[in-house]
Amino acid sequence: MESGAVQEAFAMDASFWVAIIVFTVALVVIISEKIHKTVVAIFGAALILVLKILDQHEAFHLEEFGVDWNVIFLLVGMMIIISLMRPTGMFEYIAIRSAKLGRGDPLRIMIIFAVITAAFSALLDNVTTVLLLAPVTLLIADALEVDAIPFLIVEALSSNIGGTATLIGDPPNIMIASRAKLNFMDFIIHLAPIIIVIMVCFLFIIRLVFANSLKTREELKQRIMNLNEADAIKDPLMLKKSLCVLGFVLLGFMLHGVFHYEPATVALFGAGVLLLLSGTSEPQRVLAEVEWQVIFFFIGLFIMVGGLVKVGAIKMMSTEMLDLTRGDLLSTSMLIMWFSAIASAVIDNIPYVATMNPLVIDMAGELWPEENGIALLQHPELMPIWWSLALGSCLGGNGSPIGASANVIIVEMAGRAGQKISFLRFMAYGVPVTIVTVFIAMIYVYLRYYAFA
């Protein structure tokens with residue numbers, strides 16, 4: 001019996017270190033960008049399964065350890081909807097209309113694009129938004145003969161700010177909502193108000209920084225005014241169908257708690273309806289535009305983090321954090337927000353939040369051991385910690401070009417267009433914005449949840 005117990009303890013100890021090594025090495029390789037992050041995530045997940053840190057049943061069927069299918073299918077559903085909307089020309093129409101609204105003035109156009117990017121990022125998601133708006137931004141900057149890089153960086157920063165406001169706006173929020181069982185309106189009520197304030201401050205910063213540097217000639221402004229936005233609309237009928245379906249999907253997100261449907265169900269139903277209405281005979285074309293590399297990155301990531309949860313690494317981290325703050329929830333909330341902001345600037349905020357979610361849940365279990373289920377996940381004193389995690393990780397993603405998926409996409413698209421954005425140039429804009437916005441968020445969390453408690 002003693003021998004069996006020793007062998008079991010040794011196996012658990014070995015599994016603990018193997019899970020940590022696999023995750024740490026994967027994270028380092030992802031940060032180095034030497035190998036595509038999806039390849040790293042899939043290989044890391046395969047190692048976790050082959051080495052039996054998790055078995056296949058745990059990885060694919062148990063919520064505690066495995067893949068969060070609500071996140072996966074919410075992303076797939078929204079990607080299909082956007083894939084069907086993209087050829088209608090709606091986004092090009094809005095971009096040209098906005099440029100004309102700014103009367104061809106580069107600074108006005110930048111501010112209008114920042115607002116539109118933030119709004120679309122909240123309603124769709126930030127990755128989709130920059131994919132759709134960046135190409136038009138490059139064309140307009142070229143027409144005005146101004147440097148496109150400040151426009152693109154501002155759009156990346158705006159997308160991360162705007163995406164923080166809603167459940168579907170930024171992948172970390174989708175992950176937090178799924179783990180904490182939060183609904184669409186929870187994010188609107190708790191995060192949207194401060195994001196509006198932060199966005200106003202960000203627009204003021206844009207004006208302050210670029211007021212004297214963004215200039216162009218009058219004849220180039222007139223070139224923008226002569227563009228006909230109506231020419232951008234390629235399929236008016238499909239556009240109407242898309243807007244109707246998208247409207248019902250957003251309404252479904254708002255009311256999913258009332259009808260007891262998961263957001264993934266709403267998104268997939270919307271995608272299915274729009275596929276039927278499109279009458280497409282080539283669904284493979286639509287499905288090919290889904291960002292499958294992102295989907296499989298998430299799947300691999302969930303399995304690697306599940307390995308950390310099973311071997312107790314997350315529990316150890318949560319205990320250390322509670323010891324550091326001595327169980328004081330205000331200190332814990334502030335620590336999580338700033339640590340999240342710094343960590344999300346150094347690594348992509350998606351793997352960071354995937355690691356933090358089970359940590360917060362485990363920490364809650366230690367604080368309120370008598371609670372379980374929804375009562376534990378949504379304990380009134382735990383909610384500010386969830387919001388601090390969301391604000392820190394989403395806003396902190398602005399700190400570097402690898403901090404958020406939207407940043408990576410902007411940098412890649414700019415490079416393909418011959419507009420190279422260096423790591424340091426992005427940080428020159430992103431770091432000050434991150435510090436200011438997280439500081440504002442910190443004040444908000446303190447005043448709303450702790451000052452008058």
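In this chain, residues are counted from 1 in sequence order.
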Any chance you could measure [X], atom [atom1], to [Y], atom [atom2], to the nearest 0.5 Å?
{"X": "Met199", "Y": "Ile194", "atom1": "CE", "atom2": "CD1", "result": "13.5 Å"}
{"X": "Ser400", "Y": "Ile342", "atom1": "OG", "atom2": "CD1", "result": "12.5 Å"}
{"X": "Ser422", "Y": "Ile149", "atom1": "OG", "atom2": "CD1", "result": "7.5 Å"}
{"X": "Leu274", "Y": "Met85", "atom1": "CG", "atom2": "CE", "result": "8.0 Å"}
{"X": "Ser98", "Y": "Met110", "atom1": "OG", "atom2": "CE", "result": "14.0 Å"}
{"X": "Met175", "Y": "Leu301", "atom1": "CE", "atom2": "CG", "result": "5.5 Å"}

Using a 3.5 Å distance criterion without hydrogens, assess whether the side chain of [X] forms a donor-acceptor pair with backbone atoms of [Y].
{"X": "Glu289", "Y": "Val286", "value": "no"}
{"X": "Asn160", "Y": "Leu157", "value": "no"}
{"X": "Ser83", "Y": "Met79", "value": "no"}
{"X": "Ser159", "Y": "Ala156", "value": "yes"}
{"X": "Asn70", "Y": "Ala264", "value": "yes"}
{"X": "Gln378", "Y": "Lys181", "value": "yes"}
{"X": "Trp69", "Y": "Phe60", "value": "yes"}
{"X": "Asn173", "Y": "Thr166", "value": "yes"}
{"X": "Lys234", "Y": "Ala232", "value": "yes"}
{"X": "Thr265", "Y": "Tyr261", "value": "no"}

Pair [X]-[Y], side-chain donor/acceptor within less than 3.5 Å:
{"X": "Gln293", "Y": "Thr38", "value": "no"}
{"X": "Ser388", "Y": "Ser333", "value": "yes"}
{"X": "Thr164", "Y": "Asp170", "value": "no"}
{"X": "His190", "Y": "Tyr449", "value": "yes"}

Which heavy atom of [X] sits nearest to which heavy atom of [Y], and what is that distance?
{"X": "Ala122", "Y": "Gly162", "result": "CB-O, 3.5 Å"}
{"X": "Val431", "Y": "Gly399", "result": "CG2-O, 3.4 Å"}
{"X": "Tyr352", "Y": "Phe339", "result": "OH-CD2, 3.4 Å"}
{"X": "Lys310", "Y": "Ile53", "result": "CD-O, 3.1 Å"}
{"X": "Met442", "Y": "Met334", "result": "CG-SD, 3.1 Å"}
{"X": "Asn407", "Y": "Gly397", "result": "ND2-O, 2.7 Å"}

Any side-chain heavy-atom pair of [X] and [Y] under 4.5 Å:
{"X": "Ser242", "Y": "Met90", "result": "no"}
{"X": "Met78", "Y": "Val249", "result": "yes"}
{"X": "Phe202", "Y": "Val436", "result": "no"}
{"X": "Leu367", "Y": "Leu329", "result": "yes"}
{"X": "Ile20", "Y": "Leu308", "result": "yes"}
{"X": "Ile42", "Y": "Phe297", "result": "no"}
{"X": "Asn357", "Y": "Leu389", "result": "yes"}
{"X": "Phe23", "Y": "Thr355", "result": "yes"}

Discussion item. If you apply the rule side chain to side chain contact (heavy atoms under 4.5 Å, CB included), what do you find for Ile385 with Met337, and how did you get there?
Written reply: CA-CA 8 Å; Ile385 293 177; Met337 183 182 294; over 6 Å; no
Item to complete: Carefully, step by step, assess Val360 and Arg179 under the rule side chain to side chain contact (heavy atoms under 4.5 Å, CB included).
Response: CA-CA 10 Å; Val360 173; Arg179 285 296 187 194; over 6 Å; no
Item to complete: Could you tell me whether Asp147 and Lys420 make a salt bridge, using a distance below 4.0 angstrom between a side-chain N and a carboxylate O?
Response: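 Result for this pair is no, no salt bridge flagged.
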Worksheet item: Checking side chain to side chain contact (heavy atoms under 4.5 Å, CB included) for the pair Ile188/Leu167: CA distance, chi angles, key distance, verdict?
Response: CA-CA 8 Å; Ile188 295 291; Leu167 184 156; over 6 Å; no
Discussion item. Taking atom CD as the centre, does Glu145 end up with more than 12 heavy-atom neighbours from other residues, nucleotides or ligands that are less than 6.0 angstrom away?
Written reply: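 Enclosed.
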Worksheet item: Heavy-atom count around Arg207 CZ within 6.0 Å, excluding the residue itself: above 12?
Response: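 No.
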Practice prompt. Apply the side-chain contact (heavy atoms from CB on, under 4.5 Å) test between Phe298 and each candidate in Ile72, Asp68, Ile174, Val67; give the one that qualifies.
Written response: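 One option only clears the test, and that one is Ile72.
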Discussion item. Quick check: Tyr429 with Phe210 (ring centres under 6.0 Å apart)?
Written reply: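 Yes, the ring of Phe210 comes within the 6.0 Å limit of the ring of Tyr429, centre to centre.
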Item to complete: Measure centre to centre between the rings of Trp387 and Tyr444, then say whether the value is under 6.0 Å.
Response: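 Centroid distance Trp387-Tyr444: not below 6.0 Å, so no.
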Worksheet item: Taking it one step at a time, do Ile410 and Ile421 satisfy side chain to side chain contact (heavy atoms under 4.5 Å, CB included)?
Response: CA-CA 9 Å; Ile410 281 285; Ile421 301 176; 4.1 Å; yes
Worksheet item: Quick one: which of Thr129, Thr137, Asn126 gives a side chain to side chain donor-acceptor pair (under 3.5 Å) with Glu155?
Response: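 Checked Thr129, Thr137, Asn126 against Glu155; only one passes side chain to side chain donor-acceptor pair (under 3.5 Å): Thr137.
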